[in-house]
Amino acid sequence: MDGPPENDICSICHGTFHIPCQANCSHWFCGKCILQVWDHGPAFQPCKCPLCRRQITLLVPSDNLSRQRRAPEDSDVFTKIQRYNGLFGRQTSGLSQKLQDLPFLLRRLLRDITDPQRSLPFFIRARVYLATFLSVLYVLSPIDIIPEGVLGIIGLLDDAIIVFICFLHVAALYRALLVSRHGGGSSSSSSSSS
């Protein structure tokens, strides 16, 4: 989704969204509201989602905002979002956190790849296509680490593991792109606004 669902409200302030941000748990909040939640907690830890209690390690402002002109008074909120993503977006969390973030990241990546108005960097597209191609090639090839002909259905385990590793690699790559776009990429956002 480019923005929060229609007729939805921020679950923190119970008002209409102002600078809507989607967290890595897929919930939407006002940028200022979710940053206030973080301000009232430990400064060196990511805040937890008020709805699902998962750690928020990435805040992605609505894509509609990046296409519009931003109000000057909102620049403080965007700066704080960049700081938050810079602190926690690159954080290597455990496997359970990566598994929870996987659907969120893959949905966004699929939307970015299929939307002709979005431009993913060439090296990101190339690596995604290459990882997908290699995993499909391995799954379809007769050469297997665990052969299906000998072990039957258990032989599909290596294929599932290869596809899973491919998804994790692609999600980590896309997360790094989102962090650089909405986190450490303050120079690119300032040059695009001028």
How many angstroms lie between atom [atom1] of [X] and atom [atom2] of [Y], to the nearest 0.5 angstrom?
X	Y	atom1	atom2	answer
Gln100	Cys52	CD	SG	8.0 Å
Leu106	Phe167	CG	CZ	6.0 Å
Leu58	Arg108	CG	CZ	8.5 Å
Ile9	Ser11	CD1	OG	8.0 Å
Lys80	Ile19	NZ	CD1	11.0 Å
Trp38	Cys33	CH2	SG	15.5 Å

Carboxylate-amine/guanidinium contact Asp101 Arg54, below 4.0 Å:
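Yes.
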Evaluate the side-chain proximity of [Y] to [X]: yes if any heavy-atom separation is below 4.5 Å, no if none is.
X	Y	value
Arg107	Ser26	yes
Thr16	Cys30	no
Pro42	Phe44	no
Ile12	Pro50	yes
Phe17	Ser62	no
Phe78	Pro61	yes

Where [X] and [Y] come nearest, the two heavy atoms and their spacing:
X	Y	value
Ala171	Leu105	O-CD1, 3.6 Å
Gly31	Val77	C-CG1, 4.0 Å
Ser135	Thr132	OG-O, 2.9 Å

Report yes or no: do [X] and [Y] belong to one cluster of Ile/Leu/Val/Met/Phe/Trp/Tyr joined by side chain heavy-atom distances under 4.5 Å?
X	Y	result
Leu99	Leu109	yes
Leu173	Phe164	yes
Val170	Tyr129	yes
Ile113	Val60	yes
Ile165	Val136	no

Within the distance-only criterion (no hydrogens, no angle test), does the side chain of [X] pair as donor or acceptor with the backbone N or O of [Y] below 3.5 angstrom?
X	Y	result
Tyr84	Ile56	yes
Asn85	Val179	no
Asn24	Thr57	yes

Member of Val163, Asp159, Asp158, Leu157 meeting the side chain to side chain contact (heavy atoms under 4.5 Å, CB included) criterion with Ile161:
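Single pass found, and it is Leu157.
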For a side-chain contact (heavy atoms from CB on, under 4.5 Å) check, start with the C-alpha distance between Cys13 and Phe29, then their side-chain angles and the critical distance, and finish with the verdict.
CA-CA 9 Å; Cys13 68; Phe29 306 99; over 6 Å; no
